[in-house]
Number of protein chains: 2
Amino acid sequence: MKGSDDQLNRLYRAIGDTTRRRIIDELALRDRQSLFEIYARVLSEHGINHSRQAFSRHLSVLEEVGIIEVEWEGNTKLHSLNKTPLTDSLSGWIEKFKEQK
Amino acid sequence: MKGSDDQLNRLYRAIGDTTRRRIIDELALRDRQSLFEIYARVLSEHGINHSRQAFSRHLSVLEEVGIIEVEWEGNTKLHSLNKTPLTDSLSGWIEKFKEQK
DNA sequence: TGCCAATGCAACAATATTGTTGCATAATTA
DNA sequence: TAATTATGCAACAATATTGTTGCATTGGCA
């Protein structure tokens, strides 16, 4: 149980950040985006003013917990959304409380 | 939107901690428990070995985000679970991704 | 009143997280 | 080959989080 607890911790913390939720929202609209694309879009559409490196870190966090999946095309890293951790692992724990009503 | 983002951040981070999820699980079984009761139960049923103060802090975090509601009886503070933030605010953002399928 | 039980608050240390800058690497392209 | 593009990695600073210990406060009870 320890392992799944750790994974849950990482998952919840991963989405407990505005910038990362904006990144996820952006990827939900359009898959296979590069770091720079995501960076530019999230920057312009929401007033999030961080460096490219900061975004790189955020993407890594999301990749580590499996929310983002990656694919290389030349020297461009394309990021896509994997909703499974969000819809399965994540809401799983919360769902309990809904069922209990 | 800034405010609700901050609230979401706090909510997700609040439950992104094993001890706090165990506390919530414990309160889901039985409402109106004091700090010491929760402390003793979570400690014995799960091997979480922290001080009373650590638990006090965790309870504060949960209270701040509205997951725990409080009621004083003499000098005993009774904690109860309020599932609303979990079922509404929280799953709200995640729910989007389910609907998009 | 005097003591005990249940909490809260403050200070401190140890870590973890977040963001920046600078430099390195690897694929493209002129 | 040389310049450009897209990234990654490392070091550092600023904050935030987590946990501990010690002391203070407040209500209930002998």
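Letters A, B, ... mirror the listed sequences (proteins, then strands); counts begin at 1. Predicted, not measured: the structure shown is a model, and the values here were computed from it.
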Undergrad: Nearest whole angstrom, please: distance from the C1' of D:dT20 to the CZ of B:Phe55.
TA: 14 Å

Undergrad: Could you give the CD1-to-P distance, from B:Ile23 to D:dT18, as a whole number of Å?
TA: 11 Å

Undergrad: For residues B:Arg22 and A:Asp5, report the shortest heavy-atom separation together with the two atoms involved.
TA: NH1-OD2, 3.0 Å

Undergrad: Quick one: B:Phe36 CZ to C:dA6 C1', roughly how many Å, whole number?
TA: 6 Å

Undergrad: Which whole-number value in Å describes the distance from B:Glu73 CD to C:dA5 C1'?
TA: 15 Å

Undergrad: Could you tell me the separation between the CD atom of A:Glu63 and the P atom of D:dC9, rounded to a whole number of Å?
TA: 10 Å

Undergrad: For D:dT26, does OP1 or OP2 lie under 4.0 Å from any side-chain N or O of B:Lys77?
TA: no

Undergrad: It should be established whether B:Ser51 places a side-chain nitrogen or oxygen under 4.0 Å from OP1 or OP2 of nucleotide D:dT20.
TA: yes

Undergrad: Starting from the 5' end of DNA chain C, give me the residue, A:Gly74 or A:His50, whose nearest nucleotide shows up first.
TA: A:His50

Undergrad: Please pick, from C:dG8, C:dG22, D:dG19, the nucleotide with the shortest atom-to-atom distance to any side-chain atom of B:Arg57.
TA: D:dG19

Undergrad: Output the single nucleotide from C:dT20, D:dT21, C:dA6 whose closest atom is nearest the side chain of A:Ala54.
TA: C:dT20

Undergrad: Show your working on side-chain contact (heavy atoms from CB on, under 4.5 Å) between B:Tyr12 and B:Val65 and close with a plain yes or no.
TA: CA-CA 10 Å; B:Tyr12 280 123; B:Val65 298; over 6 Å; no

Undergrad: From the set C:dA6, D:dT18, D:dA6, return the single nucleotide nearest to any side-chain atom of B:Thr76.
TA: C:dA6

Undergrad: To the nearest Å, give me how far apart CD (A:Gln53) and P (C:dG22) are.
TA: 12 Å

Undergrad: Kindly say if A:His58 contacts the phosphate of C:dG19, meaning a side-chain N or O under 4.0 Å from OP1 or OP2.
TA: yes

Undergrad: Starting at CZ of B:Arg20 and ending at P of D:dT17, how long is that distance when rounded to a whole Å?
TA: 9 Å

Undergrad: For the base of D:dG19, is there a side-chain donor-acceptor partner from B:Arg52 under 3.5 Å away?
TA: no

Undergrad: Would you say a side-chain N or O of B:Ser34 is under 4.0 Å from OP1 or OP2 of C:dA6?
TA: no

Undergrad: Looking at A:Glu63, A:Glu71, A:Glu69, which hits salt bridge (Lys or Arg N to Asp or Glu O under 4.0 Å) with A:Lys77?
TA: A:Glu63

Undergrad: Look at all strands and tell whether A:Ser56 reaches a base, only sugar-phosphate, or nothing, counting heavy atoms closer than 4.0 Å.
TA: sugar-phosphate

Undergrad: Please report, rounded to the nearest Å, how far the C1' atom of D:dT18 is from the CG atom of B:Asp17.
TA: 9 Å

Undergrad: Any donor-acceptor pair, under 3.5 Å, between the side chain of A:Asn75 and the base of C:dT28, if you only look at N and O atoms?
TA: no

Undergrad: Between the side chains of B:Asp17 and A:Arg13, is the shortest nitrogen-to-carboxylate-oxygen separation below 4.0 Å, so that they form an ion pair?
TA: yes

Undergrad: Taking B:Ser60 for the side chain and B:Ser56 for the main chain, is one N or O donor matched with an acceptor at less than 3.5 Å?
TA: yes

Undergrad: Taking for each residue the nucleotide of DNA chain D bearing the nearest heavy atom, is the 5' side occupied by A:Glu37 or by A:Arg13?
TA: A:Glu37

